[in-house]
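We number each residue from 1, following the sequence as shown. Whatever order the structure lists them in is the order used to number ligands and atoms, beginning at 1.
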Amino acid sequence: MNENSLFIRACKRQETERTPVWIMRQAGRYLPEYRAIREKHDFLTMCKTPELASEVTVQPIDIIKTDAAILFSDILVIPEAMGMNLDIIESQGPVFDSPIRSAKAIENLNIEGVVERLNYVMEAVKMTKEKLAGRVPLIGFSGSPWTLACYMVEGKGSKNFDIIKSFIYNEPAAAHRLLQILADSIIEYLNAKIRAGCDAVQIFDTWASILSPSDFEEFSLKYIRYICENLETGGAPVIVFAKGVSSYAKLAELKCDSLGVDWTKEIGTVRKEINGTKALQGNMDPTVLFAPKQKIREETERVLESYGTGAGHVFNLGHGILPKTPVENTQYFVECVKELSAKYHA
Ligand code: CP3
């Protein structure tokens with residue numbers, strides 16, 4: 001059933017009767033139903049309890065009516081499973097209490113059995129598939145090696161990422177060792193998620209944006225390429241979202257099906273740049289959902305128009321939905337995509 005879903009077909013650049021839509025971070029704090037559960041449990045407990053993770057995964061399908069679900073979890077469960085102590089602090093975001101600052105710290109990571117320790121994710125996938133009962137496909141995800149390394153070395157979010165960048169310039173061998181360890185774990189992890197039932201997988205490279213084009217090639221793209229080449233997808237589409245990159249030419253050569261586009265580019269220009277060789281996912285500015293309804297409708301139309309007619313567009317925001325976004329506007333946005341997109345398809 002899911003192979004014929006709008007989302008999977010669009011990822012594979014097959015014709016659809018309208019453009020499918022889902023929203024990055026759709027299982028999250030902007031939903032009162034999410035906050036009600038989150039009030040009673042801490043974030044990691046939610047990730048580690050399949051009953052709770054599957055419940056919040058399905059919430060946006062019922063409430064926002066998106067065309068795909070994304071498993072509630074976090075990219076940082078991999079470093080957590082390698083033995084790094086993770087805290088999600090309300091005002092600050094994720095924090096690791098002992099970040100990696102040396103080659104020795106990398107050797108101390110517990111890299112055997114990571115995916116076994118993440119078995120709770122596979123259980124959440126299975127339970128979510130049962131709750132979805134074929135209504136929409138389920139997306140599994142991972143951070144890219146580079147984006148995970150940013151958090152593991154910085155210890156938290158950062159303004160200018162001077163610690164991770166000093167690390168790659170001063171200790172390139174150790175940095176590459178860390179990125180390779182992560183890439184190998186990510187392959188195993190995404191393969192396990194697909195085996196457990198995920199219909200597609202997305203690799204988030206949120207911090208691609210802080211690298212020069214040549215550093216992006218050396219410290220990020222190289223490892224994404226390696227992951228894409230070693231996944232056992234069984235036909236599940238692979239989506240790569242590298243935020244803030246200046247060119248899509250090299251991304252278009254990856255062994256993947258779809259590329260995410262942030263809102264600083266014209267999606268139609270990217271489509272031309274890569275000559276339609278990949279499906280594209282995006283790319284409305286998330287803050288447009290704070291605008292009056294008329295503006296939301298106009299911007300939805302503008303993105304559809306920019307992509308143009310034909311197959312291979314998955315509508316999304318250009319990055320995750322923000323915690324204060326009004327639910328009503330989000331529902332309206334999804335309705336707009338569904339209604340306005342039909343005329344772009346034969
Ligand atoms: O998309 C979804 O709805 C699925 C769930 C999901 C979460 N995090 C849940 C979450 C996904 C796909 C992620 C990915 C993620 N996590 C990324 C890559 C995508 C991006 O947005 O750039 C990154 C960089 C992280 C790391 C992370 N986790 C941050 C920066 C934060 C705090 C700030 C924030 O955006 O909320 C988290 C915590 C987190 N992950 C929350 C949720 C719902 C909020 C936790 C809470 O309820 O307090």
Protein heavy-atom partner closest to [atom] - residue, atom, separation in Å:
atom                    : value
atom 26 (C) of ligand 1 : D74 OD2, 3.7 Å
atom 34 (C) of ligand 1 : R29 NH2, 3.0 Å
atom 41 (C) of ligand 1 : F43 CE1, 3.6 Å

For [X] and [Y], test the side chains for any donor-to-acceptor distance below 3.5 angstrom and give the result as yes or no.
X    : Y    : value
H176 : Y223 : yes
N275 : T277 : no
T206 : K243 : no

Per-residue contact class, [X] against ligand 1 - non-hydrogen pairs under 4.0 Å:
X    : answer
K243 : neither
H319 : side chain
L71  : backbone

Which of the numbered atoms in ligand 1 are under 4.0 angstrom from any heavy atom belonging to [X]?
X    : result
S73  : 5 (C), 6 (C), 7 (C), 8 (N), 9 (C)
Y151 : 24 (C), 30 (C)
F204 : 12 (C), 18 (C), 19 (C)
T206 : 18 (C), 19 (C), 20 (C), 22 (O), 24 (C)
Y34  : 43 (C), 45 (C), 46 (C), 47 (O)

Exercise. Measure up the Y169 and F219 rings against each other and bin them: parallel (under 30°), tilted (30 to 60°), perpendicular (over 60°).
Key: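 It falls in the perpendicular class, over 60°.
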
Exercise. Could you pull out all residues at least two apart from E39 that satisfy side chain to side chain contact (heavy atoms under 4.5 Å, CB included)?
Key: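 So E39 forms no side chain to side chain contact (heavy atoms under 4.5 Å, CB included) with any residue.
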
Self-check item: Which residues share a side chain to side chain contact (heavy atoms under 4.5 Å, CB included) with A68, sequence neighbours left out
Solution: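 A68 satisfies side chain to side chain contact (heavy atoms under 4.5 Å, CB included) with F7, W22, I139 only.
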
Check: [X] N/O within less than 3.5 Å of ligand 1 N/O:
X    : result
R38  : yes
W22  : no
R25  : yes
I70  : no
T147 : no

Quiz item: Which option out of Y30, F141, F241 puts a heavy atom nearest to atom 12 (C) of ligand 1?
Solution: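 Looking at heavy atoms only, the winner is F141.
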
Self-check item: Shortest heavy-atom approach to atom 3 (O) of ligand 1 - which of S144, A27, G140, A69
Solution: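 Ranked by closest heavy atom to atom 3 (O) of ligand 1, first place is A27.
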
Quiz prompt | Contact check, P94 vs ligand 1, heavy-atom distance below 4.0 Å | solution =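 The answer is yes: ligand 1 sits under 4.0 Å from a heavy atom of P94.
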
Quiz item: When rounded to the nearest 0.5 angstrom, what distance separates CD in Q294 from CD in E299?
Solution: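 CD of E299 is found 11.5 Å from CD of Q294.
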
Minimum heavy-atom separation for [X] and [Y], please, with both atom names.
X    : Y    : value
I23  : N316 : CA-OD1, 3.4 Å
P94  : Y151 : CG-CE2, 4.0 Å
I267 : Y307 : CG2-N, 3.7 Å

Self-check item: Quiz item: cation-pi between K193 and F141, 6.0 Å / 45°
Solution: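 Yes, K193 and F141 form such a contact.
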
Exercise. Could you walk me through whether F161 and W207 pass the ring pair (Phe, Tyr, Trp, His ring centres under 6.0 Å) test, one step at a time?
Key: CA-CA 9 Å; F161 292 91; W207 300 121; 4.7 Å; yes

